[in-house]
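First the proteins, then the strands, lettered A, B, ... as listed; each starts at 1. Hydrogens, waters and symmetry mates play no part in the numbers below; they use all other heavy atoms, side chains included.
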2 protein chains.
Amino acid sequence: MIKVNTSPLSGMRDFLPNQALQRKEIISKIESIYQLHGFVPIETPSIERYGILTSKYGSDQSLIYNIANADPQGLRYDLTVPLARVMSEYQNELPKFFKRYQIQPVWRADRPQKGRCREFYQCDIDFVGTTSNNADISILECISDVLSSFNLKNYTIRVNDRRIWSLMISAFNIRQSWYMCDYGGSYADQEKETILYFDKNSALEDDDINSNYYPYDKQSIINTKNFIKKSFEENDFNAALDYLASKATNKNHIDGINSLRYILSVFEGINPNIKMDLSLARGLDYYTGTIFEIAVDGMNISIGGGGRYDNLVKSIDPKLDKPGVGCSIGLDRLMLALEDQGLLPKIENQIDMMVIALDQDYIEYSMHVAKQFRRIGYKTEIYPEIVKMKKSMQYASEMKTRYVCIIGENEISENKITIKNMETSVQNEWDFNDLIMMSNRTDLE
Amino acid sequence: MIKVNTSPLSGMRDFLPNQALQRKEIISKIESIYQLHGFVPIETPSIERYGILTSKYGSDQSLIYNIANADPQGLRYDLTVPLARVMSEYQNELPKFFKRYQIQPVWRADRPQKGRCREFYQCDIDFVGTTSNNADISILECISDVLSSFNLKNYTIRVNDRRIWSLMISAFNIRQSWYMCDYGGSYADQEKETILYFDKNSALEDDDINSNYYPYDKQSIINTKNFIKKSFEENDFNAALDYLASKATNKNHIDGINSLRYILSVFEGINPNIKMDLSLARGLDYYTGTIFEIAVDGMNISIGGGGRYDNLVKSIDPKLDKPGVGCSIGLDRLMLALEDQGLLPKIENQIDMMVIALDQDYIEYSMHVAKQFRRIGYKTEIYPEIVKMKKSMQYASEMKTRYVCIIGENEISENKITIKNMETSVQNEWDFNDLIMMSNRTDLE
């Protein structure tokens with residue numbers, strides 16, 4: 001018989017106690033802030049019908065973990081698609097405005113790299129049931145409070161609007177250059193291609209532009225890049241949006257301008273971390289309005305992001321009009337950022353009390369004693385074997401146990417216990433009945 | 001475009017907010033008791049190599065959810081196998097005695113029925129690193145504390161020992177009848193078959209025995225059944241074990257007797273819920289000593305169980321000797337039992353404060369106000385749309401919001417807020433600066 005491979009699968013991780021406790025603490029903090037903002041939890045199955053998983057436009061099907069046994073099924077790759085399914089399935093049970101949070105793992109058959117695992121936790125909030133931008137603001141405010149609660153520094157919530165991309169493409173005449181070539185595809189596809197081009201090539205120098213990608217007119221692209229750059233440097237969203245407003249040609253453009261201007265004006269002066277960034281592009285297939293992303297200085301991946309998806313629920317249930325806006329924080333990426341800034345909570349996985357019985361016959365008495373310690377809130381265990389005291393004391397010391405309680409012949413015959421503070425080595429005798437009466441855990445010495 | 005099927009897959013469940021909160025509360029209570037007993041958490045990936053999943057003898061491979069994309073992989077079907085893998089992989093990092101808990105979902109491609117889902121949470125504790133029965137006692141004590149913490153009544157932790165089954169088969173000469181027929185299989189297989197026979201047919205009348213199953217001698221079986229029944233009725237484990245001890249023919253038998261006697265004697269008089277039940281059989285392929293199961297009166301399925309598996313880690317890492325004992329509580333089954341006894345925690349998913357702005361221009365002020373309420377611990381949300389007050393108040397009332405805070409023209413001009421208690425309808429004006437200074441959440445009226 002040979003030893004099997006016991007490492008976790010590539011892109012998946014084991015969390016030993018200190019890490020597991022750290023993750024629990026961070027999740028618990030996120031959860032408490034989500035709740036404070038009026039979000040309530042749901043949980044959904046890990047496995048979904050394939051038809052549900054692929055209902056979100058633009059989901060990359062190659063990333064889905066498929067289940068082999070049954071009807072086409074796969075592991076969920078995000079928490080937004082299950083939310084859309086839940087919105088449809090329980091539409092008569094859910095309130096008009098559904099503010100839900102969901103913190104569960106998702107799976108993607110992706111190439112693993114730093115900050116990108118195949119199994120990872122997302123911490124989502126969504127506000128469904130209104131097109132009001134006040135919902136977008138609620139999401140941004142809540143996410144901002146989560147980041148503040150960890151004292152995270154040097155981060156920006158970059159905000160843009162999907163509709164402003166359409167406006168910029170029109171304003172800088174990039175459309176014209178499409179028509180000049182035989183590019184093909186629908187207008188929406190072409191628009192998406194253009195945005196992706198900007199997103200991917202935002203760092204290119206002007207001289208490298210033309211040779212790099214064919215169908216765009218070089219000067220249009222340079223003009224757009226320069227405008228975005230200038231709007232960023234001037235840090236005056238009103239000026240940039242005024243200019244774009246003057247170029248708007250349809251209601252969609254105007255709505256995008258008004259929406260982004262309103263959101264930024266509410267946070268202006270209150271929250272300097274929330275900033276317009278017209279270069280931001282994400283979720284082009286399903287976001288319809290506001291888009292945003294959390295960037296941390298020195299990290300080349302975002303720790304979360306989201307946007308408004310007024311048609312997502314419709315993609316699952318065409319008759320159900322449930323506009324919404326949401327944000328997802330990646331737990332691992334948030335933890336990477338906290339680690340970089342030295343902000344991860346220190347975990348002291350410490351046993352308060354180890355009860356050591358010097359004879360097998362004293363185990364029953366030890367159990368009574370341990371029960372009392374637990375009653376006053378001490379994490380208490382009984383050393384499981386009967387060994388020389390030196391050995392068990394050494395183990396208690398290695399485990400950084402705070403106190404040790406020794407149960408020997410004297411203790412049993414006199415109904416006493418002996419407690420040793422492992423840090424100070426101070427040792428005290430207690431009457432067992434006094435221990436029963438005691439309830440203040442700071443009183444032990 | 002047609003509506004896709006939005007129900008969760010068969011055997012899987014969505015948990016809407018009240019249920020999700022209820023589950024979280026129960027998990028949190030179990031977790032706190034596990035920690036109080038010195039257990040520490042680990043988390044492992046949902047997906048494991050197929051070779052790991054099938055390393056536990058007797059695992060039913062047809063129950064494993066297979067992943068289609070990659071090397072043979074599947075979803076974990078329990079939390080014991082991942083623990084064995086972790087024990088091997090991190091053997092140099094883990095303490096001599098590893099007391100771990102793990103509360104995560106598992107998946108089984110089983111036929112769904114009440115209390116048996118395809119995705120469900122297990123709440124496991126295991127004590128690895130010693131053969132001492134004091135570890136078995138620690139597990140039983142901890143599980144017992146968990147059940148008490150929920151005030152669960154009318155339950156029994158039925159305890160037996162795998163080795164006593166071997167002894168009973170030998171004592172009542174059931175072996176003889178094997179040799180009388182051409183049954184085949186190894187001795188261990190035959191023994192297992194016999195135990196399974198008892199387990200499945202424990203309710204059969206004597207007259208129905210012979211015709212029902214071939215290779216056993218009718219009288220041996222009746223004698224065994226009668227002995228088990230008598231031991232149960234007399235409720236005197238010492239007498240029953242004394243009789244069996246007189247029939248012991250090898251060290252394994254003696255060890256089984258001593259172990260079970262010791263465990264029962266420690267709990268005798270202290271914990272009437274822990275009882276010997278010689279009819280109990282479970283995990284015949286991997287349990288080596290103590291076995292136990294939590295039965296609740298009126299439920300035909302156990303809510304948890306476990307045992308000692310001194311060779312489990314060896315099945316993954318032949319050179320690693322890590323004996324252990326553990327217990328798994330099924331979260332759903334525990335919840336079924338609590339529901340039956342009316343003990344499920346009542347969840348009041350209540351918003352403390354809904355801030356209602358009467359004009360879009362008041363949203364910013366409303367955000368300042370909401371921030372103060374959150375600072376004093378109130379779950380606070382801002383009504384997202386600007387509508388007639390009657391409409392927003394009605395929504396707040398439907399949502400059972402405790403207080404509503406109205407922000408209108410007067411409030412803005414005088415830097416005030418108006419708070420209405422939705423239960424008493426009492427309405428009070430506050431100075432916004434007083435709210436900022438206030439910190440006691442019970443002082444609001």
### Query
Just wondering, more than 12 heavy atoms not from A:Gln360 lying within 6.0 Å of its CD?
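Buried by this count: over 12 neighbours within 6.0 Å.
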### Message
Looking at B:Glu348, I'd like to know if its CD atom is crowded, meaning that more than 12 non-hydrogen atoms belonging to other residues, nucleotides or ligands lie closer than 6.0 Å.
### Response
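Open.
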With only heavy atoms counted, which part of [X] is less than 4.5 Å from chain B, the side chain, the backbone, both or neither?
X	answer
A:Phe39	neither
A:Phe97	both
A:Glu93	side chain

Is the closest side-chain heavy-atom distance between [X] and [Y] below 4.5 Å?
X	Y	result
B:Ile52	A:Val4	yes
A:Thr6	B:Met87	no
B:Glu31	A:Lys24	yes
B:Pro17	A:Phe98	yes
B:Pro8	A:Thr44	no

### Task
Show your working on side-chain contact (heavy atoms from CB on, under 4.5 Å) between A:Ile382 and B:Ile137 and close with a plain yes or no.
CA-CA 10 Å; A:Ile382 298 174; B:Ile137 286 167; over 6 Å; no
### Task
Specify the closest pair of heavy atoms between A:Glu89 and B:Ser7, including all atoms of both residues, with the distance to one decimal.
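Taking A:Glu89 first and B:Ser7 second, the nearest heavy atoms are OE1-N, 3.2 Å.
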### Smallest separation among heavy atoms of A:Glu364 and B:Ser265, with atom names
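Scanning both residues, the minimum pair turns out to be OE1-O, 4.0 Å.
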### Query
So, does A:Ser132 use its side chain to make a donor-acceptor pair with the main chain of B:Glu385 at under 3.5 Å?
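Between the backbone of B:Glu385 and the side chain of A:Ser132 there is no qualifying donor-acceptor contact (under 3.5 Å).
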### Query
Are the side chain of A:Arg13 and the backbone N or O of B:Glu43 linked by a donor-acceptor pair below 3.5 Å?
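Checked: no pair found.
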So which of [options] has the largest heavy-atom pair count under 4.5 angstrom toward chain A?
options	answer
B:Ser88, B:Pro82, B:Gly51	B:Ser88
B:Ile363, B:Ile386, B:Ile47, B:Asn18	B:Ile47
B:Gly38, B:Ala20, B:Ser46, B:Cys142	B:Ser46
B:Asn5, B:Leu320, B:Val86	B:Asn5
B:Lys99, B:His368, B:Met354	B:Lys99
B:Ile351, B:Thr130, B:Asn133	B:Thr130

### Message
Walk me through whether B:Ile67 and A:Asn66 qualify under side-chain contact (heavy atoms from CB on, under 4.5 Å).
### Response
CA-CA 6 Å; B:Ile67 299 292; A:Asn66 296 304; over 6 Å; no
### Message
Given heavy-atom pairs under 4.5 angstrom as the criterion, report whether the side chain, backbone, both or neither of B:Glu119 touches chain A.
### Response
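Contact with chain A is through the side chain of B:Glu119 alone.
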### Query
Non-hydrogen atoms of chain A under 4.5 Å away: do they reach the side chain of B:Asp145, the backbone, both or neither?
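Side chain only.
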### For B:Leu36, the option from A:Arg374, A:Glu381, A:Arg375 that meets side chain to side chain contact (heavy atoms under 4.5 Å, CB included)
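It is A:Arg374, the one option of A:Arg374, A:Glu381, A:Arg375 that forms the side chain to side chain contact (heavy atoms under 4.5 Å, CB included) with B:Leu36.
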### Closest-packed option against chain B by number of heavy-atom pairs under 4.5 Å, given A:Leu9, A:Val40, A:Thr380, A:Ile33
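Going by pairs under 4.5 Å, I would pick A:Leu9.
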### Task
Pick whichever of A:Met367, A:Lys319, A:Arg100 has the most heavy-atom pairs under 4.5 Å with chain B.
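Looking at each option in turn, the highest pair count goes to A:Met367.
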### A:Tyr65 and B:Gln73 side chains, donor-acceptor separation under 3.5 Å
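Side chains of B:Gln73 and A:Tyr65: no pair found under 3.5 Å.
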